[in-house]
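Before any comments, here is the structure.
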Amino acid sequence: MSADTTRLAEVSVVGVGRKTDIKSAVPVHTLNRKKIATQGISDISEALRRLPGVNLRDYGGAGGMKTVSVRGLGSQHTGVAYDGVPLSDIQSGQIDLSRYSIDNIEALNITVGDNDNIFTPARTQISATTLNIAVNRPAAVIESPFILYGKVRVGSFGLISPSFRTSVGNGCNLGMNLNGDFIHADNNYPFTIRNGQHEEREKRHNSGINSGHLEWNGVWKPTATSFLSSKIYTYLSDRHLPGPVVYYNPESNEDLKESNIFGQFIYRLEANEKWSVSALAKYSFSRTHYTDRNAIYPGGLLDNLYRQAEEYASASILYRPIYSLQISYSSDLWHNSLRSNAADDSAPFRNSFLQSVSLKWTNARLTIIGRGLFSIISDRSRQSDGSKNFNRLSPSFSLSYRILKDANLNIRASYKEIMRMPTFSELYFDHYGSISLKPENTRQFNVGTTFATNAGSLLEEISFIADVYYNLISNKIVAMPYNMFLMTMTNLGKVHAVGSDIALSLGFRVHPQHRLDFNLSYSYQRAASRTERNMSDWNKQLPYTPLNSGGGALSWLNPWLNVALHATAASGRYSTTLNIPSTRIGGYVDCGLALFREFRFGKTKLEGRIEANNLLDKTYELVGRYPMPGRNFSASISLNL
Amino acid sequence: MKQFTKLSVLALACLSLAACEKDETNNPDPVIPGAPTAAQGIYALTEGQFYSGIPGGLDVITFAPAKIENNVFSRTNGRSIGDTPQCGVAYGSKIYVGTSESNTIEILDRFTWKSIMQIRLADITEGGQPYSMVADHGKVFVSLFGGNLARLDTLTLSIDKVVAVGPNPDHIALYNDKIYVPISDGMNYPNYGRTAVVVNPKTMAIEKTFDTYLNPREFFVVGGRLFLLCMGDYSAANPSQLFEVDAQYGLRKICNATIAAPYGRNIAIINQPFVQNEEDAVLEYKLYDLNSGTLSDWEIERPDYANNMHYDAEADRMMISSYVMNGKYPSYEKPGYVNVYKSQERTPESKFNLGSAGRVAFFTLTK
């Protein structure tokens with residue numbers, strides 16, 4: 001393999017797969033396009049539930065908001081990156097993942113702590129965990145002379161979702177692609193509501209969604225050791241929100257219109273074998289318009305309009321004094337602002353300046369990585385007197401060691417400290433917010449083992465990942481009653497979380513043309529409040545955090561009709577911090593079946609899929625009073641030229 | 001014969017209606033175990049915490065013997081009374097409970113607690129969400145947070161009149177045969193309302209609109225005088241205050257207050273304003289003497305974190321509902337409790353654990 005090829009792999013954040021998961025010094029779990037297809041995953045909600053350690057909050061259906069938290073840390077500790085560049089929502093601190101269609105995703109991967117690639121922007125290190133949504137690989141864009149891919153998916157509850165991807169490259173140094181998707185769904189699915197001794201069959205109302213995304217990517221490789229990539233991303237959605245199920249009152253008139261556009265450039269240059277540099281610039285603008293028609297509001301309408309903007313720049317340098325040692329420095333600067341139509345809009349903005357220094361030493365069996373991230377963050381608003389500054393040095397360390405020279409059996413350990421800045425809602429929202437909030441602090445400890453082999457004729461492939469962890473959060477931002485009318489945010493909580501994540505993957509070649517793949521993920525999470533012993537929630541499991549959860553899929557790949565049987569499951573959870581028995585949300589098992597087959601006509605590929613989800617038609621909830629859809633079906637056909 | 005039969009049926013119907021009329025308007029108060037008379041007990045409605053999935057409920061407290069029956073509606077009817085029970089009255093042989101999230105009025109038998117009827121207000125008016133109730137002359141008047149005052153006929157058990165009164169009407173009171181409605185405009189932060197309206201209960205016409213202090217929340221009557229609690233805007237500049245309303249609809253400030261209730265010839269007052277910093281926290285218990293017009297400290301054994309209070313004059317009992325504490329903060333998730341104080345005693349005579357969490361709305365049998 002040439003040095004250049006190796007370097008391209010280094011800059012890519014997309015081509016991660018089993019090898020990365022196994023070799024990594026920190027927990028990494030990846031679902032690539034192939035796994036997504038063969039494991040019967042039909043939407044992003046299903047995909048996220050297959051990743052160990054991930055706890056999904058899904059408000060139900062195709063248009064329901066979806067956020068993830070990992071290992072009991074809360075959704076605001078999960079950073080989300082799109083093609084390696086962080087996304088942000090300064091208002092809520094969490095990214096709604098429902099806007100990303102599974103159809104255009106190359107890979108989803110979750111990284112706990114800092115990943116092994118130290119030549120990344122400093123900002124990629126500011127979250128306890130990072131979910132990366134990979135859509136484009138620069139190299140793949142260039143290497144594709146011409147691709148045209150189209151897919152149409154239809155399904156229960158008025159689902160229709162076309163998507164396309166087209167790519168053209170000269171195979172040498174220039175390429176571009178355009179991809180997009182649209183989704184329409186009525187989402188008026190039936191569900192069963194339990195009311196005391198009674199059970200009633202009802203339907204979701206006001207749940208429809210229309211949303212679409214269009215994205216252009218261009219890559220130019222002026223020399224063999226440099227490239228410039230750019231992206232323009234647009235997203236529009238108009239959805240009705242059904243709200244929580246209310247006894248005796250199905251009425252809901254909430255609407256949410258969202259739009260987001262961002263553009264970014266990334267430039268990388270490997271000046272020589274020792275020096276590489278990278279620069280990144282991004283501008284993002286998003287608009288959120290929430291309305292609720294109800295006579296209780298002035299003029300019968302609650303009309304909240306929010307506009308966010310972000311300007312972001314990053315520069316990184318990588319130095320390899322010797323083959324085994326890499327040193328990188330990265331400096332990031334960005335500005336976030338939020339405006340609203342509220343009469344008391346405080347027009348807050350934040351300037352963030354990060355610098356990180358990372359060292360990585362590696363040989364055939366040992367990898368050691370150390371990082372220091374220095375953050376200077378400054379907030380200002382009309383409410384606050386002058387600016388409010390936070391400075392923090394956050395270290396992280398990780399190592400992995402290959403125990404046996406001839407077997408891919410590794411052990412690993414990692415530690416990371418990081419702070420989470422309060423969101424603008426937590427700081428400035430009416431009486432609810434508190435401008436005196438301090439950042440939350442997290443410390444993460446992890447030890448684990450990984451194993452993979454391709455040996456054997458029947459058991460063709462095996463990989464196994466097991467990690468145990470201990471997380472601590474201090475200064476946790478929680479809403480507490482301040483008097484009998486109001487709640488306000490305060491730095492009160494402490495959380496201790498211990499748990500284990502396990503992933504097992506087996507591939508059996510039962511016949512030259514028949515393969516059985518078995519994938520299993522399991523998580524144990526004991527995440528408890530440990531604020532004060534005299535508090536009622538002492539040692540109580542955090543809301544919406546199941547003790548046991550997991551997923552699995554059994555796929556039979558064959559020349560006739562591929563079959564994937566899959567399931568996700570979680571034990572019961574509580575919606576309250578005190579684990580009040582009446583607020584227990586029951587455990588669930590959601591089983592599904594996918595049948596699919598690909599037909600080839602020369603270079604043209606045609607694939608048909610039929611999927612059934614929630615086969616047992618169980619009504620269950622991931623968020624209290626937001627029932628998930630019962631048994632539902634979808635069919636899709638895709639054409640790849 | 002056919003005509004006679006028709007007339008007989010009509011006569012019987014009239015008789016039965018007349019009997020009902022008498023029953024509702026004169027409020028015969030048969031002593032039936034479990035259904036407290038005004039002097040025997042009180043109803044406590046807990047609102048739950050809807051967004052955490054905690055249901056509210058109806059509890060019944062009796063003084064002799066001292067006991068509480070929790071969640072009598074759900075235990076009797078096998079279903080929830082609705083999301084966020086907000087207000088109620090016991091009147092005649094029935095109890096009327098308004099729920100704001102479910103937007104219903106549940107009518108139940110006062111003696112058996114069995115549901116008789118559920119009125120879904122969304123079928124009647126766009127501006128629903130019951131917030132407070134009073135009963136008089138065979139009618140139950142309900143302020144609806146969506147901007148209306150509704151009148152429920154206790155004979156037909158139906159809403160016979162709805163009148164628009166203004167944005168977010170709150171706790172109403174009957175005074176001099178009129179209904180006083182505070183127009184809080186409480187959803188219009190920070191531009192809260194500053195008016196109240198007077199409604200004729202017979203015609204349901206607005207007879208008067210007058211100015212108040214910011215964010216009027218609750219009218220109540222004590223000693224033949226009318227008082228108004230206004231919440232202000234939760235700032236130090238415009239704190240929550242208690243006023244007396246004079247005959248010319250002028251307001252005379254009594255003191256700062258966040259909870260107030262009649263207490264014999266006094267008004268019991270709790271003042272616990274919102275503050276940004278914990279070190280600025282204020283908690284005052286006061287008594288306002290109606291005769292002398294003076295304020296004094298209310299020396300009682302205080303509950304942990306009061307959220308409402310109610311005085312039953314016939315039983316001479318003061319009840320203060322409280323959250324339980326979670327460390328130094330009140331818990332909105334755990335069921336709270338009610339301290340019952342006999343006469344003017346400082347220590348509670350009894351303490352009852354409520355069946356559900358949330359703020360409490362008290363009501364007794366309306367005479």
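Please read all numbers here as calculations on a predicted model, not as lab measurements. Per chain, numbering begins at 1; letters A, B, ... match sequence-line order.
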Over all heavy atoms of both residues, which pair between [X] and [Y] is shortest? Give the atoms and the distance, please.
X         : Y         : value
Tyr248(A) : Arg120(B) : O-NH1, 3.4 Å
Ser331(B) : Leu578(A) : OG-CD1, 3.3 Å
Asn326(B) : Ser536(A) : OD1-N, 2.5 Å
Ala295(A) : Gly127(B) : CB-CA, 3.5 Å
Pro298(A) : Met187(B) : CD-O, 3.7 Å
Pro55(B)  : Ser582(A) : CD-OG, 4.0 Å

Region of [X] in contact with chain B, defined by heavy-atom distances below 4.5 Å:
X         : answer
Thr531(A) : neither
Val245(A) : backbone
Asp537(A) : both
Ile580(A) : side chain

Test your reading of the model: is there a side-chain donor-acceptor pair from [X] to the backbone of [Y], 3.5 Å cut-off?
X         : Y         : value
Asn534(A) : Gly327(B) : no
Ser102(B) : Tyr247(A) : yes
Gln197(A) : Gly78(B)  : no

Proximity breakdown for [X] and chain A, heavy-atom pairs closer than 4.5 Å:
X         : result
Gln129(B) : side chain
Ser52(B)  : both
Leu283(B) : neither
Pro167(B) : neither
Asn77(B)  : backbone

| request: With the side chain counted from C-beta on, respond yes when Phe50(B) and Arg625(A) share a heavy-atom pair under 4.5 Å apart, and no when they do not. | output: yes
inquiry  = As a quick check of understanding, evaluate side chain to side chain contact (heavy atoms under 4.5 Å, CB included) for Asp83(B) and Asn249(A), giving each step before the final call.
reply    = CA-CA 9 Å; Asp83(B) 288 317; Asn249(A) 185 7; over 6 Å; no
Starting at [atom1] of [X], measure out to [atom2] of [Y] and round the result to the nearest 0.5 Å.
X         : Y         : atom1 : atom2 : result
Asn195(A) : Ile81(B)  : CG    : CD1   : 11.5 Å
Arg79(B)  : Arg194(A) : CZ    : CZ    : 15.5 Å
Glu333(B) : Thr583(A) : CD    : OG1   : 7.0 Å
Asn294(A) : Asn103(B) : CG    : CG    : 8.5 Å

May I ask you to check whether over 12 heavy atoms, not counting those of [X], lie within 6.0 Å of atom [atom1]?
X         : atom1 : value
Glu126(B) : CD    : no
Lys161(B) : NZ    : no
Arg302(B) : CZ    : yes
Lys66(A)  : NZ    : yes

(message) Quick check on the interface: out of Lys328(B), Met325(B), Glu101(B), who has the most heavy-atom pairs with chain A under 4.5 Å?
(response)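 Ranked by heavy-atom pairs under 4.5 Å with chain A, first place is Glu101(B).
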